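Please read all numbers here as calculations on a predicted model, not as lab measurements. Chain A is the first sequence line, chain B the second, and so forth, proteins listed ahead of strands; every chain is numbered from 1.
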Amino acid sequence: MNNENIRDFIRERVSRDIREERISGGVVTRFPPEPNGYLHIGHAKSICLNFGIAEEFGGITYLRFDDTNPLSESASFVEAIQTDVKWLGFDWESRLTFASDYFPQLYEFAEELIKRDGAFVCDLSFEELQQSRGTLVKPGIDSPYRNRSIEENLDLFRRMRAGEFITGSKTLRAKIDMRAPNINMRDPVLYRIIHAPHHRTESNWCIYPMYDFTHCICDALEGITHSLCTLEFADHRPLYDWVLENININFHPPQIEFSRLGLEYNVMSKRVLSQLVESRYVTGWDDPRMPTLSGLRKRGVPPAAIRDFCNRIGITKQNNYIETELLDFCVRNTLENTTRRAMAVKRPLEVEITNFEGDDVGLPAPWHPKNLELGERTLTFGRTIYIDRDDFALDPPPKFKRLVQGGIVRLRYAFIIECLDVEKDEQGTVSKVFAKYYPTSRSGADTSGLKPKGVIQFVASNNAHSVEMHDYDRLFSVPTPHRERFDEELNPLSHVVHHGFVEKAVIAVSDSHSFQFERVGFYYRDLHKSSDEGQVVFHRTVPLNQGWKPKV
RNA sequence: UGGGGUGUGGCCAAGCGGUAAGGCAACGGGCUUUGAACCCGUCAUUCGCAGGUUCGAAUCCUGCCACCCCAGCCA
């Protein structure tokens, strides 16, 4: 432990609690997802915080599923969430728990609360409860069932559990204060009747505890020393404390809130994300455009980049919208030194080298210009090659350093070529370029004396493997999409497919799926899916920084 | 007209009474067979606003303003 650990107000608090011996054992945290959706990068912030603090201070972390609502939860989400947490790089070891594991104990605490006259069974309907709760500025009114005897409450609650009443007909409510300015303290519901099977407890229960009753008790039972949650739960803290103070339990974790992550051009709302999935706007929770961990993974974002991102954004109580540039930076930064470079053309333009005769020549090229440990592969150069359409211009903008008519350009790791002529189609767009190459300009042995302004990538036709390059852009076209009209704010160009070529050596690589296609971007090969035509599919992880922008 | 939270450069974020860290972005320049990466440099006389306390305030006090969250038998 050292000062490096104290990077935010929560770590500051943890550090102080340790120093002042406020906690006996070590630090204990937990990450408590509800298994009703997939994890997104906002969850990653919380995961990195909870697991990170335990790691830094020599503590432990539980992965606890908050599964108290059988109507929206399922085992498949439980699976997916575990996969994502592991992938992110964290290990809960043996500490995998479920709120549903504690149902029996929770039930006992509920009975205890009734016996202490701290809770009552209420027969108010949903609408009646809503009416009597009051409003933000108007106090609520007591339930007519509030004064039932302890014996009657106990009897009723036991019968609720026994299944004597239909779904929604009764609730167990805390007896606090209907006039409390904090609405959460207005005799909140603790248990409700739901006759529905639960993904773990099946049909053993027909009453289910609410979050506010469950979370604090589970935290206490697990000895959580710092219960970290997002800001919207701050209003629930008095209730969290109330429950623990009104039952006989010997541990009382402090709840500490921090602000959730906002990412520009994205939305973290589970509701909106699942709607995108259900409407088939995206291909699934793991669509590469989604801010989900599975989506980021499919796009080729390494977990280390997400961890780095989470470390850079900080932990505060301020509302925040992080620019996507920071995430992109983290991704490029972690990929930069370890990812193979290769050549690919996204929008191929055929070039015939008119003075080239005979077989293609092989040209060695390192997989990475600086990290030579990655070795090298052999490129090929021959009479027919492809360059990217963007690298040729009939009418070049100022400062254009690529190929123009009558101009020269270097083909990376190969030769300098000079454009002699072009062929156009009916629409007048260039369909083919004729060029000559300078045999003495071979990379590494250049005696031509030529000094081209630019270098471009190419793929020789004999060395070209055709692929689909899936380019992704921001999911939304506005930085802070509105939850209600999110469908109008989707970016129609968030997914564009290019049919291009990559050098064959790329296809043979098996120990890594990430590549940087030089001057284009980082791409990630999808090994699970090929296109409809059976082609190899690459997802663009992130584009390269553009150091020069042509005026559009 | 209730309760809770927050206001430091474009976006994050340090700062905890002693005279505004850092990162991302941006902008200049260097280097370059990736217009990438890398390297240099520039970028808040000012901390939501107004008063006050103090030798001294982003930090303390008072008032005001703005934004976010809360009225699920969701979490």
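- For the C1' atoms, the distance linking B:U53 with B:G7 amounts to 23 Å, nearest Å.
- Put simply, A:T167 has no side-chain N or O that comes within less than 4.0 Å of OP1 or OP2 on B:C73.
- B:G72 adopts a syn glycosidic conformation, its chi angle falling within 90° of 0.
- Using a cutoff of 4.0 Å between basic side-chain nitrogens and carboxylate oxygens, A:R402 and A:D388 are not scored as salt-bridged.
- Considering every non-hydrogen atom in both A:S169 and A:I193, the closest pair reads OG-CD1, 3.8 Å.
- Heavy atoms of A:H215 sit nowhere under 4.0 angstrom from any nucleic acid atom.
- For A:R192, a side-chain nitrogen or oxygen approaches OP1 or OP2 of B:C74 to under 4.0 Å.
- Using a 4.0 Å cut-off between charged nitrogen and carboxylate oxygen, A:E518 and A:R340 do not count as a salt-bridge pair.
- In plain terms, the two heavy atoms of A:G362 and A:T378 that are nearest each other are CA-CG2, 3.8 Å.
- A salt bridge is defined here as a Lys NZ or Arg NE, NH1 or NH2 lying under 4.0 Å from an Asp or Glu carboxylate O, and A:D219 with A:R64 meets this definition.
- Looking at heavy-atom distances under 4.0 Å, A:M343 makes no contact with the nucleic acid at all.
- At the phosphate of B:A13, OP1 or OP2 sits under 4.0 Å from a side-chain N or O atom of A:T316.
- Among the heavy atoms of the strands lying under 4.0 Å from A:R133 are primed sugar atoms or P, OP1, OP2 only; no base atom is included.
- The partner of B:A75, taking Watson-Crick or G-U wobble pairs whose two distances both stay under 3.5 Å, does not exist in any strand shown.
- Between the side chain of A:R410 and the base of B:U33 there is at least one donor-acceptor pair of N/O atoms closer than 3.5 Å.
- Across all strands shown, A:T214 has no heavy atoms under 4.0 Å from either base or sugar-phosphate atoms.
- As judged by a 4.0 angstrom heavy-atom cut-off over every strand, A:I193 is placed among residues making no nucleic acid contact.
- Here the separation of B:U46 from B:G3, taken at their C1' atoms, is 34 Å to the nearest Å.
- A:R341 contributes a side-chain N or O that, together with a main-chain N or O of A:T339, makes up a donor-acceptor pair within less than 3.5 Å.
- Put simply, CD on A:E232 is 8 Å from C1' on B:C69, counting in whole angstrom units.
- Within 3.5 Å, no donor on the side chain of A:N182 pairs with an acceptor on the base of B:G4, nor the reverse.
- The partner of B:C64 is B:G48, by the rule that a Watson-Crick or G-U pair needs both atom distances under 3.5 Å.
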- Task: For each nucleotide in nucleotides 36-43 of chain B, reading 5' to 3', give B when a protein heavy atom comes within less than 4.0 Å of its base, S when such contact involves only the sugar-phosphate, and - otherwise.
- Result: SB------
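- If you take atom P in B:A26 and the same atom in B:C65, they sit 39 Å apart, rounded to whole Å.
- Spacing between B:A37 and B:C47 at atom P, rounded to whole Å, works out to 35 Å.
- Between A:R483 and B:C69 there is a side-chain polar atom (N or O) within less than 4.0 angstrom of OP1 or OP2.
- In this structure, A:G134 and A:I322 both approach RNA chain B, and ranking their closest nucleotides by distance from the 5' end singles out A:I322.
- Contact annotation: side chain of A:E12 to base of B:C16, donor-acceptor pair present below 3.5 Å.
- Each of A:F400 and A:R312 was matched to the nucleotide of RNA chain B holding its nearest heavy atom; the match closer to the 5' end belongs to A:R312.
- Between A:N36 and A:E34, the side chains place a donor N or O and an acceptor N or O closer than 3.5 Å (distance only, hydrogens not considered).
- Among the protein residues, A:L136 comes within range of the nucleic acid bases, having at least one heavy atom under 4.0 Å from a base atom.
- Salt bridge annotation for A:R540-A:D471: present, with a cationic side-chain nitrogen under 4.0 angstrom from a carboxylate oxygen.
- Residue contacts shown for A:Y191 are absent, as no nucleic acid heavy atom lies under 4.0 Å away.
- The shortest distance between the side-chain N/O atoms of A:Q318 and the OP1/OP2 oxygens of B:A13 is below 4.0 Å.
- B:C27 is paired with B:G41 under the criterion used here, namely a Watson-Crick or G-U wobble arrangement in which both key atom distances are under 3.5 Å.
- Rounded to whole Å, the separation between the C1' atoms of B:U6 and B:U1 comes to 22 Å.
- Using the Watson-Crick or G-U wobble rule with both distances under 3.5 Å, B:C55 pairs with B:G18.
- Under the rule for a side chain to side chain contact (heavy atoms under 4.5 Å, CB included), the partners of A:N333 that lie at least two apart in sequence or sit in another chain are A:R312, A:F329.
- OP1 and OP2 of B:G4 both lie 4.0 Å or more from every side-chain N or O belonging to A:R237.
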